[in-house]
There are 2 protein chains.
Amino acid sequence: MARREAKTKPTARTLDARKATILEAVVTEHIDTAQPVGSSSVAHSADVAVSPATVRSEMVALEREGYLAQPHTSAGRVPTDKGYRYFVDHLTSGVLSTAQQHQVKDFFASVRGEVEDVLEQTSTLLSQLTSYTAVVVGAGHSHATILSVQLVSLDARHQLLVAVFSDGSVAKHSVLTSFDAGSLEVSEASRQLNALLIGTTLEQRVQVPSRHDNVATLVRESVSVLHAERPVTDGEHVFIGGSSKVAEVFDGVETVRKVLSILEQELLVVSLVQDMLDQGLSVAIGSEHGYEPLLSCAVIVAPVTVDGAPAGAVGLLGPTRMKYREALAAAGVVSQHLARHFGGEEERG
Amino acid sequence: MARREAKTKPTARTLDARKATILEAVVTEHIDTAQPVGSSSVAHSADVAVSPATVRSEMVALEREGYLAQPHTSAGRVPTDKGYRYFVDHLTSGVLSTAQQHQVKDFFASVRGEVEDVLEQTSTLLSQLTSYTAVVVGAGHSHATILSVQLVSLDARHQLLVAVFSDGSVAKHSVLTSFDAGSLEVSEASRQLNALLIGTTLEQRVQVPSRHDNVATLVRESVSVLHAERPVTDGEHVFIGGSSKVAEVFDGVETVRKVLSILEQELLVVSLVQDMLDQGLSVAIGSEHGYEPLLSCAVIVAPVTVDGAPAGAVGLLGPTRMKYREALAAAGVVSQHLARHFGGEEERG
DNA sequence: ATTAGCACTCAATTCTACCGAGTGCCAACC
DNA sequence: GGTTGGCACTCGGTAGAATTGAGTGCTAAT
């Protein structure tokens with residue numbers, strides 16, 4: 001009697017096989033037609049072996065439980081966010097077409113240049129693979145150690161602090177002084193900064209000299225400026241590829257405008273991605289990410305891990321009716337290649 | 001007889017006063033209604049003191065001469081590119097509203113940070129002022145002299161070259177070697193590079209050592225990598241603000257997509273701006289700039305000049321029916337403030 | 001429990017009529 | 001001669017009315 005959970009399911013977290021199949025059929029069809037899906041097209045679809053009437057009654061149930069919605073009486077059904085959620089949770093993982101696999105392989109085989117350039121180009125690649133807008137976030141250098149610090153004098157009161165990190169990134173900050181700094185003072189400060197900071201990360205606090213002479217002040221200023229990296233983004237490494245896809249993929253000027261204007265605020269994009277990573281989400285659908293202007297969007301993220309440490313993430317932004325299987329596959333493959341690319345580089349040492 | 005050019009004007013380069021007034025009325029009205037303009041609304045407009053019938057016959061002439069076009073019989077007239085061109089060529093220069101003047105002033109009074117950050121924020125400002133998409137191009141460091149060069153070892157075969165320029169910009173390039181470089185060799189190469197390059201610009205060629213030892217090879221490699229800056233863009237300083245405005249300002253998804261996809265190709269944007277500066281154009285309308293996907297766009301550029309030398313440019317991109325007077329004023333004011341901002345900074349030295 | 005049958009709903013499409021903004025032309029007027 | 005009022009004509013846009021058809025919900029039969 002207790003073996004079957006027959007009677008006890010007010011709103012079961014899981015659907016019986018037939019409902020699941022029907023839901024899947026609706027989602028699949030709606031994804032590639034963008035139209036409400038009717039009972040008969042579901043009934044005639046491959047894995048469903050019942051009549052439209054039966055499908056209809058199941059659909060009523062699915063609607064009652066919140067997986068489907070009806071734009072208006074006498075239209076077909078459309079998946080709700082919850083419906084999409086069920087769909088992606090039960091998605092079998094997909095693979096790229098061989099042509100796409102080649103494209104990715106060729107790309108990573110031939111890509112050259114600075115980290116930033118690679119990430120930038122990767123965002124374009126990912127966008128081309130999926131025809132959605134792609135986001136690539138570099139982790140920033142908060143975990144990297146400092147290899148070199150240098151103070152360069154632009155003019156007497158205006159120094160430029162340049163720090164090189166072990167991940168190959170470079171930070172640059174102006175340091176303004178209230179006194180005229182002589183070139184000897186600057187180079188002495190530079191020397192002390194090196195002694196002080198090499199080998200540390202931005203997260204470690206260091207002992208700064210408390211004296212009040214020019215050199216000590218310069219050193220103190222420099223350290224504080226360097227450590228004052230913007231808290232959230234911390235690395236300015238956000239690359240957005242294929243923002244023009246937004247105009248292809250969403251309908252309604254208003255939606256396009258909203259989404260574009262979100263994408264303009266890189267800080268926002270980074271925190272969205274970060275939030276999702278923190279929650280261990282790989283897909284956020286509609287309202288799930290909590291950003292109101294992105295209600296009609298789905299976001300996919302895949303972390304990039306180099307040597308066990310988080311090194312960034314790649315993401316995709318499309319409509320809720322995006323091609324999840326393909327998009328997830330693309331994001332996954334690209335993130336792995338990216339990880340290998342950067343991992344491989346360091347192994348060469 | 002020769003005094004009046006009465007008979008000799010097959011297609012006069014200049015329009016008589018009444019035609020000019022009528023053309024101006026049509027352009028002005030069409031710019032703020034986005035509708036074809038009929039003879040009667042022109043006739044009733046302020047500066048025109050003739051009947052609709054007269055206006056009509058003048059319009060026929062203006063159409064014959066290519067200043068106006070008719071979407072279809074029995075619609076009003078719409079300016080052609082040539083019509084807009086005449087309009088902007090005879091435009092009295094405008095000023096910003098006091099609110100806008102304040103906004104600009106406040107912005108430049110409070111803006112802080114690295115050049116890149118300032119330019120980035122300026123692009124946002126300009127876009128907000130005009131509700132068009134703004135472009136800010138930094139000149140790049142081809143004219144700046146090198147203040148410091150440093151080679152930092154990431155691993156034995158992988159060095160990072162960091163150069164600081166007199167304009168406060170920093171260039172960073174990987175240098176890969178086919179041999180394992182020892183830290184002594186790297187620092188010696190670094191020393192030599194400094195001796196060789198400090199005070200030069202990227203445009204000056206320098207004598208590199210021709211020896212075949214590791215240090216000399218490293219130095220040669222570094223110099224060539226540094227001088228191999230991408231030819232056109234040369235400075236990676238392109239900032240685009242308010243790309244979401246594209247969706248507001250153009251109608252037709254297809255147009256929006258085209259324009260966005262142009263904006264994604266920063267190289268293309270830079271060369272467009274550069275072309276216009278070279279030709280001394282400040283406004284390019286429709287086909288004038290020769291970029292087919294931007295046929296329905298008008299582009300405004302204003303150079304930024306610091307100490308007599310070109311230091312970049314600001315630009316605006318909108319529909320051909322953009323508010324030229326306001327946009328020109330905004331671009332002008334912002335470019336001047338920008339020039340003063342950077343000029344002012346250096347004077348402090 | 002499933003399904004065929006059927007009445008019903010309602011968005012989308014088509015068709016029609018019509019309106020009116022705007023034109024081009026002409027004859028009258030100054 | 002240039003200007004203007006008058007007038008017939010064009011043609012896109014809009015508003016209804018009629019029609020279509022995809023899709024539903026319900027019910028009774030299997």
Side-chain angles (χ1 to χ4, degrees), chain A residues 4 6-7 9 12 15-23 25-30 32-45 47-65 67-80 83 251-252, chain B residues 4 6-7 9 12 15-23 25-30 32-45 47-65 67-80 83 251-252:
Chain A
R4 301 224 76 180
K7 271 275 125 76
K9 46 167 183 177
L15 297 172
D16 65 67
R18 198 169 66 186
K19 282 204 182 60
T21 315
I22 289 174
L23 176 57
V26 172
V27 173
T28 311
E29 172 129 357
H30 181 255
D32 66 52
T33 63
Q35 299 294 322
V37 180
S39 57
S40 78
S41 74
V42 171
H44 297 135
S45 97
D47 321 305
V48 183
V50 290
S51 76
T54 311
V55 173
R56 275 205 288 283
S57 66
E58 292 287 49
M59 278 173 145
V60 183
L62 284 168
E63 184 168 3
R64 193 173 352 101
E65 293 171 38
Y67 294 96
L68 295 178
Q70 236 177 339
H72 55 84
T73 348
S74 101
R77 295 324 204 280
V78 157
T80 59
D251 26 30
Chain B
R4 299 223 77 178
K7 270 276 128 73
K9 45 167 184 177
L15 298 171
D16 65 66
R18 198 170 63 185
K19 281 202 183 63
T21 316
I22 290 173
L23 177 56
V26 172
V27 173
T28 311
E29 172 130 357
H30 182 254
D32 67 51
T33 64
Q35 299 292 323
V37 182
S39 57
S40 77
S41 74
V42 171
H44 297 136
S45 98
D47 322 304
V48 182
V50 289
S51 76
T54 312
V55 173
R56 275 203 290 280
S57 66
E58 292 288 48
M59 278 174 146
V60 185
L62 283 167
E63 185 169 1
R64 192 171 355 98
E65 292 171 38
Y67 294 96
L68 295 177
Q70 235 177 338
H72 55 83
T73 348
S74 100
R77 299 311 205 288
V78 158
T80 59
D251 28 29

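Naming: A, B, ... by sequence-line order, numbering from 1 per chain. Every heavy atom of this structure was used, including side-chain atoms; hydrogens, water molecules and symmetry mates were not.
In this structure, the NE2 atom of B:His44 is 13 Å from the C1' atom of C:dA21, given to the nearest Å. We find that CD1 of B:Ile22 is positioned 13 Å from C1' of D:dG2, with the value rounded to whole Å. Distance CZ (B:Arg64) to C1' (C:dT23): 16 Å, rounded to an integer number of Å. Taking atom NZ of residue B:Lys19 and atom P of nucleotide D:dT3, one finds them 10 Å apart after rounding to whole Å. Rounding to whole angstrom units, CD of residue A:Gln70 and C1' of D:dT24 are separated by 7 Å. Residue A:Gln35 contributes atom CD, which lies 17 Å from atom P of D:dG21 at whole-angstrom precision. Atom-to-atom, CD of A:Glu63 to C1' of D:dG23 comes out at 13 Å; the value is rounded to the nearest Å. Between the NE2 atom of B:His30 and the P atom of C:dA21 there is a distance of 18 Å, rounded to whole Å.
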Stepwise, does the side-chain contact (heavy atoms from CB on, under 4.5 Å) test hold for B:Glu29 with B:Val42? CA-CA 8 Å; B:Glu29 172 130 357; B:Val42 171; 6.0 Å; no

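Between B:Gly76 and B:Pro71, the shortest heavy-atom distance links the atoms O-CD, 3.3 Å. Taking both residues in full, the closest heavy atoms of B:Leu68 and B:Pro79 are given as CD2-CA, 3.8 Å, listed atom of the first, atom of the second, then distance. Summarising the geometry of A:Ser39 relative to A:Pro52, their closest heavy-atom pair is CB-O, 3.7 Å, with the distance given to 0.1 Å.
Among residues two or more places apart in sequence or in another chain, the side-chain contact (heavy atoms from CB on, under 4.5 Å) test is passed with A:Glu63 by A:Gln70, A:Arg77.
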Under-3.5 Å N/O pairs linking protein and nucleotides 7-10 of chain C:
from   : atom 1 : to      : atom 2 : distance (Å)
C:dT9  : O2     : A:Ser74 : OG     : 3.1
C:dC10 : O4'    : A:Ser74 : OG     : 3.3

Table of protein N/O atoms under 3.5 Å from nucleotides 5-8 of chain D N/O atoms:
from  : atom 1 : to      : atom 2 : distance (Å)
D:dG6 : O6     : B:Arg56 : NH2    : 3.4

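Of the N and O atoms on the side chains of A:Ser51 and A:Thr54, at least one donor lies less than 3.5 Å from an acceptor on the other residue.
The main-chain N or O of A:Val26 is never found under 3.5 Å from a side-chain atom of A:His30 such that the two would form a donor-acceptor pair. Remark: the backbone N or O of B:Ala17 is paired with a side-chain donor or acceptor of B:Thr21 at under 3.5 angstrom.
B:Ser39 comes within 4.0 angstrom of the backbone, heavy atoms only, and of no base.
Side chains of B:Leu15 and B:Ile22 form no contact here, defined as non-hydrogen atoms less than 4.5 Å apart.
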